[in-house]
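Data first, discussion second: the structure below is written as structure tokens.
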Amino acid sequence: MKKLFIKTYGCQMNVYDSARIADLLTPLGYAAADAPDGADIVVLNTCHIREKAAEKVYSELGRLRRLKEEKAEQGGRMLIAVAGCVAQAEGEEITRRQNIVDIVVGPQALHRIPEMIARVERREGRALETEFVPDEKFDSLPAVRAEGPAAFLTVQEGCDKFCTFCVVPYTRGAEFSRPVAQIEAEARHLAALGVREITLLGQNVNAYCGAARDGNSWSLARLLNRLAEIDGLDRLRYTTSHPRDMSRDLIEAHRDLEKLMPYLHLPVQSGSDRVLEAMNRRHTRDGYLHLVEKIRTARSVIALSSDFIVGFPGESDADFEQTMALVREVKYAQAFSFKYSPRPGTPAAAARKQVPEQVKSDRLQALQSLLAEQQAGFAKSCEGLSMPVLFEKQGRKAGQAVGRSPYLQPVHVDDAEHLIGEIHDVTIARALTNSLGGMLVAARPKAVAAA
Ligand code: SAM
Ligand code: SF4
């Protein structure tokens, strides 16, 4: 067997793509390795969303140079492939900066990796593919393999929204939705392999609009309703959503679909209308708050999550205070927050009023401590409650299993290793910093929702 090492950066869509790269290469005699040393091929599946993420790739390539040389000294060959959004955005520039790279492949062309490896092995020089052909990609990928009871399933790629800070429309291309039948077949296949929970992925997953056999375009809500009919599949989630695409039928799905978990990642980015407009978010602060109200009316207990950017060009102290006030009003169960990072080629990167680094750091710290407080508060509110947990893997302690609550929190339970792959009611005993500790409910009383 040849050794394949894949390192994944960035979002869950990259996690899905990396699994698909492994699915493509396994039939060709590659086995996954957990370190790059001595590997026959190393794939870096990269992220370009912030400068730090992109620079990490170049540092890693610096480290791989020595390993590639060592392998060559022993008469072997280590191929190095850069996949994902850095590959898409920087193309040949990567091989100019790091001549050890043999393959550069954008996210829409990853199905061509086997053929690119063959070309490089025939010593035809380097291979580069950065075309946008998402339908070809999904048509050409082999059947998925399941690695545990929870799986990702990409249903939508790309973005047409062009927020002024974001590279995604340039690296992942225009919005594309996979056809309903293709998604349903993949979900049924995963369920037959023992998968109990599927998270539907897309850069704008709730903009999903896929062709169905009935000749119509189906919304995400309709797709979720169809997938909820699959026996054995007990839990559905989706991410990431844009507030503008939070349609009525999707909100109703949160009310009506038992299998749809009470968790929603709904990025707002900022609480200031002035900043939202400069970001080209095409939603307002009030519009977002009204949406949150509608969602909570449909499903009273739901874990809300968001993304925030602090220090967007021109953001004043008053704008930032509006973000803090919005957070206090919404009360998030969990969230991600970032300092604005200027991305080459995006409109905001050229704005004159960039915010000083120290101001960005101070704002990020203030926001993150408020979000951490809210996350801890939500976790604390779960103490003493019973809730169904899908056990996914072994914990750190012998016999322990770790699963997910309906609200996506990791839950540790002792003496539950034998239950991996199953859903059981757990009483939450304590809230820890980033997880919950619980005990199995012996008899099965009716699950109580978190407050
Ligand atoms: N489509 C999603 C939405 O509109 O909410 C976001 C997808 S993006 C891959 C994930 C997050 O990265 C964004 O929500 C934003 O908070 C963050 N992000 C994107 N560009 C950024 C930048 N230039 N600087 C800092 N954070 C950024
Ligand atoms: Fe980026 Fe905006 Fe598209 Fe989200 S909606 S992927 S933030 S451009």
Side-chain angles (χ1 to χ4, degrees), residues 8-17 45-56 84-86 88-89 107 152 154-177 199-208 220 238-246 264-272 275-283 287-288 291-292 304-315 320 323 326-327 332 334-351 354-355 357 360-361 363-364 367-368 371:
T8 308
Y9 301 81
C11 66
Q12 288 136 326
M13 301 198 61
N14 269 8
V15 175
Y16 177 85
D17 280 352
N45 194 10
T46 61
C47 171
H48 202 248
I49 201 86
R50 283 168 291 277
E51 190 181 0
K52 241 193 211 154
E55 279 311 313
K56 273 189 201 157
C85 292
V86 174
Q88 188 66 42
F152 291 135
T154 294
V155 301
Q156 181 276 338
E157 289 223 56
C159 179
D160 298 335
K161 301 232 168 18
F162 290 93
C163 298
T164 55
F165 52 81
C166 185
V167 288
V168 168
Y170 312 95
T171 57
R172 292 264 177 175
E175 260 172 40
F176 165 81
S177 295
T199 303
L200 305 182
L201 299 180
Q203 259 92 23
N204 272 287
V205 73
N206 57 343
Y208 177 84
L220 184 68
Y238 61 92
T239 197
T240 293
S241 299
H242 192 288
R244 261 182 75 96
D245 295 316
M246 214 52 223
L264 177 61
H265 184 63
L266 192 64
V268 65
Q269 314 298 354
S270 168
S272 151
V275 174
L276 288 171
E277 196 178 342
M279 285 176 164
N280 190 32
R281 285 293 289 181
R282 292 184 279 171
H283 61 79
Y288 183 87
L291 193 55
V292 165
L304 286 180
S305 162
S306 181
D307 291 343
F308 296 91
I309 294 180
V310 299
F312 183 79
E315 184 191 66
F320 176 65
T323 301
L326 178 133
V327 172
Y332 290 97
Q334 192 251 332
F336 304 93
S337 45
F338 315 99
K339 285 195 251 181
Y340 168 68
S341 166
R343 306 309 295 128
T346 58
Q354 297 292 330
V355 173
E357 209 44 43
K360 285 187 198 173
S361 300
R363 288 180 187 165
L364 188 65
L367 176 60
Q368 287 187 338
L371 291 168

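Remember, it's 1-based here, ligands and their atoms both numbered in the order they're listed. The structure displayed is predicted, hence computed values, not measured ones.
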Quiz item: Hey, which atoms in ligand 1 end up nearer than 4.0 Å to a heavy atom of I49?
Solution: 8 (S), 9 (C), 12 (O), 18 (N), 19 (C), 20 (N), 21 (C), 22 (C), 23 (N)
Self-check item: Nearest-neighbour protein heavy atom for atom 4 (Fe) of ligand 2, which is reported as residue plus atom name and distance
Solution: R281 NH1, 4.3 Å
Quiz item: Just by distance, do the side chain of Q156 and the backbone of N204 share a donor-acceptor pair under 3.5 Å?
Solution: yes
Practice problem: Give a yes or no on this: more than 12 heavy atoms of other residues, nucleotides or ligands lie within 6.0 Å of atom CD of E51. | Solution: no
Self-check item: Shortest non-hydrogen contact between H265 and S305, atoms and distance
Solution: ND1-OG, 2.7 Å
Quiz item: Just wondering, more than 12 heavy atoms not from E277 lying within 6.0 Å of its CD?
Solution: no
Quiz item: Can you list the residues that meet the side chain to side chain donor-acceptor pair (under 3.5 Å) rule with T46, with sequence neighbours excluded?
Solution: none
Exercise. Go through the steps for R244 and H242 under the test side-chain hydrogen bond (donor to acceptor under 3.5 Å, both in side chains), then give the verdict.
Key: CA-CA 5 Å; R244 261 182 75 96; H242 192 288; 5.4 Å; no
Quiz item: To which of F308, F336, F165, F338 does the heavy atom nearest atom 20 (N) of ligand 1 belong?
Solution: F165
Practice problem: Provide, to 0.1 Å, the distance between atom 22 (C) of ligand 1 and the closest protein heavy atom, together with that atom's residue and name. | Solution: S341 O, 3.6 Å
Quiz prompt | Q203-ligand 1 polar pair, N/O distance under 3.5 Å | solution = yes
Quiz item: Is the closest heavy-atom distance from K339 to ligand 1 below 4.0 Å?
Solution: yes
Practice problem: Scan for salt bridge (Lys or Arg N to Asp or Glu O under 4.0 Å) pairs involving residues 342-351, sequence neighbours excluded, and state none if there are none. | Solution: none
Practice problem: Could you note down all residue pairs passing salt bridge (Lys or Arg N to Asp or Glu O under 4.0 Å) where residues 157-177 supplies at least one of them, sequence neighbours left out? | Solution: D17-R172, K137-E157, E157-R172, K161-E175, K161-D245
Quiz item: Atoms of ligand 1 less than 4.0 Å from P267 heavy atoms?
Solution: 5 (O)
Self-check item: Where ligand 1 meets H242 - atom numbers and elements under 4.0 angstrom, heavy-atom basis
Solution: 4 (O)
Quiz item: Do D307 side-chain atoms and Q269 backbone N/O form a donor-acceptor pair below 3.5 Å?
Solution: no
Exercise. Check whether any heavy atom of R172 sits under 4.0 Å from an atom of ligand 2.
Key: no
Quiz prompt | Option with minimal heavy-atom separation from atom 5 (S) of ligand 2, where the choices are H242, M279, R282, Q269 | solution = H242
Quiz item: By residue and atom, what protein N/O/S atoms are less than 2.8 Å from atom 1 (Fe) of ligand 2?
Solution: C166 SG
Quiz item: Right, does atom 7 (C) of ligand 1 have protein non-hydrogen atoms nearer than 4.0 Å?
Solution: no
Practice problem: Looking only at protein heavy atoms, identify the closest one to atom 10 (C) of ligand 1 and say how far it is in Å. | Solution: D307 OD2, 3.6 Å
Quiz item: With F308, which of F338, Y340, Y332, F165 fulfils ring-ring contact (aromatic ring centres under 6.0 Å, His included)?
Solution: Y332
Quiz item: Given R281, E51, H48, which one has a non-hydrogen atom that is nearest to atom 3 (C) of ligand 1?
Solution: R281
Self-check item: R50 neighbourhood, listing ligand 1 atoms whose heavy-atom distance to it stays under 4.0 Å
Solution: 12 (O), 17 (C), 18 (N), 24 (N), 25 (C), 26 (N), 27 (C)
Quiz item: Which part of N204 is near ligand 2, with near meaning a heavy atom under 4.0 Å away: side chain, backbone, both or neither?
Solution: side chain
Quiz item: Quick check: does any side chain N or O of Q12 sit under 3.5 Å from a backbone N or O of N14, one acting as donor and the other as acceptor?
Solution: no
Quiz item: Does the salt bridge (charged side-chain N to carboxylate O under 4.0 Å, His left out) test come out yes or no for K360 and E315, once each step is laid out?
Solution: CA-CA 10 Å; K360 285 187 198 173; E315 184 191 66; over 6 Å; no
Quiz prompt | Over all atoms of both residues, closest heavy-atom pair of L304 and V292 | solution = CD1-CG1, 3.6 Å
Quiz prompt | Side-chain donor or acceptor of S306 paired with backbone N/O of V268 under 3.5 Å | solution = yes
Self-check item: Q269: numbered ligand 1 atoms lying under 4.0 Å from its heavy atoms
Solution: 5 (O), 13 (C), 14 (O), 15 (C), 16 (O)
